[in-house]
Amino acid sequence: MHGTKAAASVVDEHVSGAEREDEEYADVDWDKLGFSLIRTDYMFATRSCKDGNFEQGYLSRYGNIELNPAAGILNYGQAKLQISSAGLIEGMKAYRGEDGRILLFRPELNAMRMKIGAERMCMHSPSVHQFIEGVKQTVLANRRWVPPPGKGSLYLRPLLFGTGASLGVAAAPEYTFLVFGSPVQNYFKEGTAALNLYVEKVIPRAYLGGTGGVKAISNYGPVLEVMRRAKSRGFSDVLYLDADTGKNIEEVSAANIFLVKGSTIVTPATSGTILGGITRKSVIEIALDLGYKVEERRVPVEELKEAEEVFCTGTAAGVASVGSITYQNTRTEYKVGDGIVTQQLRSILVGIQTGSIQDTKNWVFQIA
Ligand SMILES: *Cc1c(COP(=O)(O)O)cnc(C)c1O
């Protein structure tokens with residue numbers, strides 16, 4: 001750790017279980033993991049200088065951070081067409097393989113996505129190397145929080161936000177890149193019933209010319225109310241339609257969507273309003289290798305009636321089966337369970353991510 005005063009400085013030094021830090025595993029009931037925050041030992045942070053370059057970065061105890069009240073993140077939007085706060089997130093996972101190796105999955109794609117998001121939002125961004133280095137240090141320092149093989153993964157949350165102070169509407173002069181993690185099971189727990197999605201007709205998730213194609217924190221707040229309503233009616237999540245016509249499906253709140261019919265797999269094309277998921281991209285490549293026909297195009301909501309299987313993809317969600325979709329009071333059901341295309345794609349992806357299937361594509365990045 002070097003002496004630079006961090007914009008995001010640690011004010012909370014408390015560490016749970018600090019006395020057991022040399023043990024192989026943290027004191028967690030690994031069979032009961034969900035998708036809620038479990039506090040780990042360390043976080044990584046670095047900030048940008050005026051020239052836009054980031055300092056080397058350092059680990060500190062996981063804890064609260066301090067912000068200037070005039071920090072960009074608390075004050076101004078940094079998108080030209082949509083009011084939004086100056087913040088980007090990433091989501092990735094570190095897996096522990098049966099052989100004890102700790103693996104990341106295509107981390108350079110997360111780094112690139114943050115860079116593209118930062119350009120869109122007029123923010124400084126760490127280089128691909130700095131991004132991966134920050135993630136790697138976070139995982140190594142929190143090694144005991146990476147669940148045993150088959151029990152889950154260490155979910156990593158890189159953040160980029162404006163910490164520099166400014167009063168007028170402008171891009172913040174300084175940014176903080178911070179990485180923390182939490183052990184998790186899949187967001188939609190496997191083995192439990194498949195997802196029941198609700199098609200939202202009124203409120204779109206993203207707009208043409210907006211920020212739907214980048215992982216801006218401001219994309220999530222506006223649909224929380226829609227999600228809450230759907231969940232209170234027993235649905236697992238919401239499927240959004242395009243803002244322009246309301247006729248085509250786009251994606252779920254934080255996952256992409258695929259339809260399967262025979263040997264054809266269809267997913268909405270990412271043309272600015274849909275987040276280009278790394279799981280989405282990887283599943284498409286796996287499906288093509290297996291000989292499926294993959295179509296990335298506009299997908300009219302009517303096509304939901306013709307699909308045999310539907311699944312969602314995302315780092316948090318994995319490859320999750322959709323059991324039903326409800327649109328205008330009509331519920332369509334889909335095949336779930338063993339022996340379906342979704343399961344075949346999921347097991348290959350998970351196999352590569354956890355090192356049990358040989359990685360011939362250079363997707364896996366070993367950090368320990
Ligand atoms: C993160 C996210 C996804 C999934 O992306 P992955 O890279 O596969 O994790 C899909 N849609 C939205 C809106 C997201 O925020």
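Note that ligands are numbered from 1 as they come in the structure, with each ligand's atoms numbered from 1 the same way.
- Y198 belongs to a hydrophobic cluster whose remaining members, ordered by chain and number, are F235; membership requires side-chain heavy atoms of ILVMFWY residues under 4.5 Å apart, directly or through intermediates.
- With ring centers used as reference points, F105 lies 6.0 Å or more from Y95.
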Distances only, to 0.1 Å: what are the N or O pairs between ligand 1 and the protein that fall under 3.5 Å?
from: ligand 1; atom 1: 7 (O); to: R113; atom 2: NH1; distance (Å): 2.9
from: ligand 1; atom 1: 7 (O); to: R113; atom 2: NH2; distance (Å): 3.1
from: ligand 1; atom 1: 7 (O); to: I278; atom 2: N; distance (Å): 2.7
from: ligand 1; atom 1: 8 (O); to: I278; atom 2: N; distance (Å): 3.2
from: ligand 1; atom 1: 8 (O); to: T279; atom 2: N; distance (Å): 2.9
from: ligand 1; atom 1: 8 (O); to: T279; atom 2: OG1; distance (Å): 2.6
from: ligand 1; atom 1: 9 (O); to: T315; atom 2: N; distance (Å): 2.8
from: ligand 1; atom 1: 9 (O); to: T315; atom 2: OG1; distance (Å): 2.6
from: ligand 1; atom 1: 11 (N); to: E251; atom 2: OE1; distance (Å): 2.5
from: ligand 1; atom 1: 11 (N); to: A255; atom 2: N; distance (Å): 3.4
from: ligand 1; atom 1: 15 (O); to: K215; atom 2: NZ; distance (Å): 2.7
from: ligand 1; atom 1: 15 (O); to: Y220; atom 2: OH; distance (Å): 2.4

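- Aromatic ring centres of Y42 and Y62: separated by at least 6.0 Å.
- Residue pairs meeting the salt bridge (Lys or Arg N to Asp or Glu O under 4.0 Å) criterion with at least one member in residues 98-117, sequence neighbours excluded, are E90-R113, D99-R101, R106-E285.
- At least one side-chain heavy atom of P268 sits less than 4.5 Å from a side-chain heavy atom of I257.
- Residues near I274 contribute nothing to a hydrophobic cluster around it, because no ILVMFWY side-chain heavy atom sits closer than 4.5 Å to its side chain.
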